[in-house]
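Let me begin by presenting the structure, written as structure tokens, before commenting on it.
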Amino acid sequence: MLELRLVQGSLLKKVLEAIKELVTDANFDCSATGFSLQAMDSSHVALVALLLRSEGFEHYRCDRNLSMGMNLNNVSKMLRCAGNDDIITLKADDGSDTVTFMFESPNQDKIADFEMKLMDIDSEHLGIPEAEYHAIVKMPSAEFARICKDLSSIGDTVVISVTKEGVKFSTRGDIGNANIVCRQNTTVDKPEEATIIEMQEPVSLTFALRYMNSFTKATPLSNTVTISLSSELPVVVEYKVADMGYIRFYLAPKIED
Amino acid sequence: WKLQKRIISFYELE
């Protein structure tokens, strides 16, 4: 028996909008730790890891570890039927091939349940060890989204370089090239507007902008984004999901042929 | 030319 009640149902709606462009089908795993997902895009270039900790739910019952295969476009269709202020409850019986999404309006005057078929998905699960990153950049998520969008009108790839001067996003294309430098800026009115750069050593890596733009679909989840970089490792682009977890996007770099 | 690496070349399959 599985029963997860999330008072801030809009978080789940935003999570689905953040990942459904990157991943088509995925297994949602439920355990005592929480509700999680790990999936790669169809090209195996990017990976998304979601964790919503059990403590973040108002009610969390998961009698045994359960993996539920879902088409994310179909989940998104279901969740779009929930109001932004609705409480969302996920229910599944042991051995069932369906999951039920229950939506309750805040004043309890409307209760809806949507049942969705589950599917069998063969997914490859990767072990991702904790890594020491050469540079970690924390910046406003809207600023990062704007930079990725702007650069993708010029080129297909972005070079992200971190030095003691700041973090530089560069691209080049047929019409020209572009460089955007963000310096560390902690003298702002609100902490979420700060750009904070922790650098152990300079790093410069090249990534496909198409994927970066896809990651920025998570922008509504968090005011800030954290970008962790190490030479010849995938970049990690992390958005916090309130105080209950995170979405992490991993993207493999491009290297010289 | 830049070669696109794949994510599975960095991490072990579990």
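- Rounding to the nearest 0.5 angstrom, the gap separating the CD atom in A:Gln38 from the OH atom in B:Tyr11 is 10.0 Å.
- The heavy-atom pair separating B:Phe10 from A:Ala252 by the smallest distance is CE1-CB, 3.7 Å.
- We find the CG-CD distance between A:Leu126 and B:Glu14 to be 7.5 Å, quoted to the nearest 0.5 Å.
- Proximity to chain B is absent for every atom of A:Thr157, based on heavy atoms less than 4.5 angstrom apart.
- Interatomic distance, NZ of A:Lys254 versus NZ of B:Lys5, reported as 13.0 Å (0.5 Å rounding).
- In terms of modelled atom types and a separation under 3.5 Å, the side chain of B:Gln4 and the main chain of A:Ile255 share no donor-acceptor contact.
- In this structure, CD on A:Glu124 lies 6.0 Å from CD1 on B:Ile8, to the nearest 0.5 angstrom.
- No more than 12 heavy atoms of other residues, nucleotides or ligands lie within 6.0 Å of NZ in A:Lys138, so this atom counts as exposed by the packing criterion.
- In A:Asp94, the CG atom is crowded: over 12 heavy atoms of neighbouring residues, nucleotides or ligands sit closer than 6.0 Å.
- Atom NZ of A:Lys217 sits in a sparse spot, with 12 or fewer heavy atoms from other residues, nucleotides or ligands closer than 6.0 Å.
- To the nearest 0.5 Å, the span separating CG on B:Leu3 from OG1 on A:Thr206 amounts to 12.0 Å.
- Rounding to the nearest 0.5 angstrom, the gap separating the CZ atom in B:Arg6 from the CG atom in A:Asp41 is 9.0 Å.
- Proximity to chain B at a heavy-atom threshold of 4.5 Å picks out nothing from residues 172-179 of chain A.
- The neighbour count for A:Asp156 CG, taken as heavy atoms of other residues, nucleotides or ligands under 6.0 Å away, does not exceed 12.
- Residues of residues 44-52 of chain A lying under 4.5 angstrom from chain B, judged on non-hydrogen atoms, are A:His44, A:Val45, A:Ala46, A:Leu47 by number.
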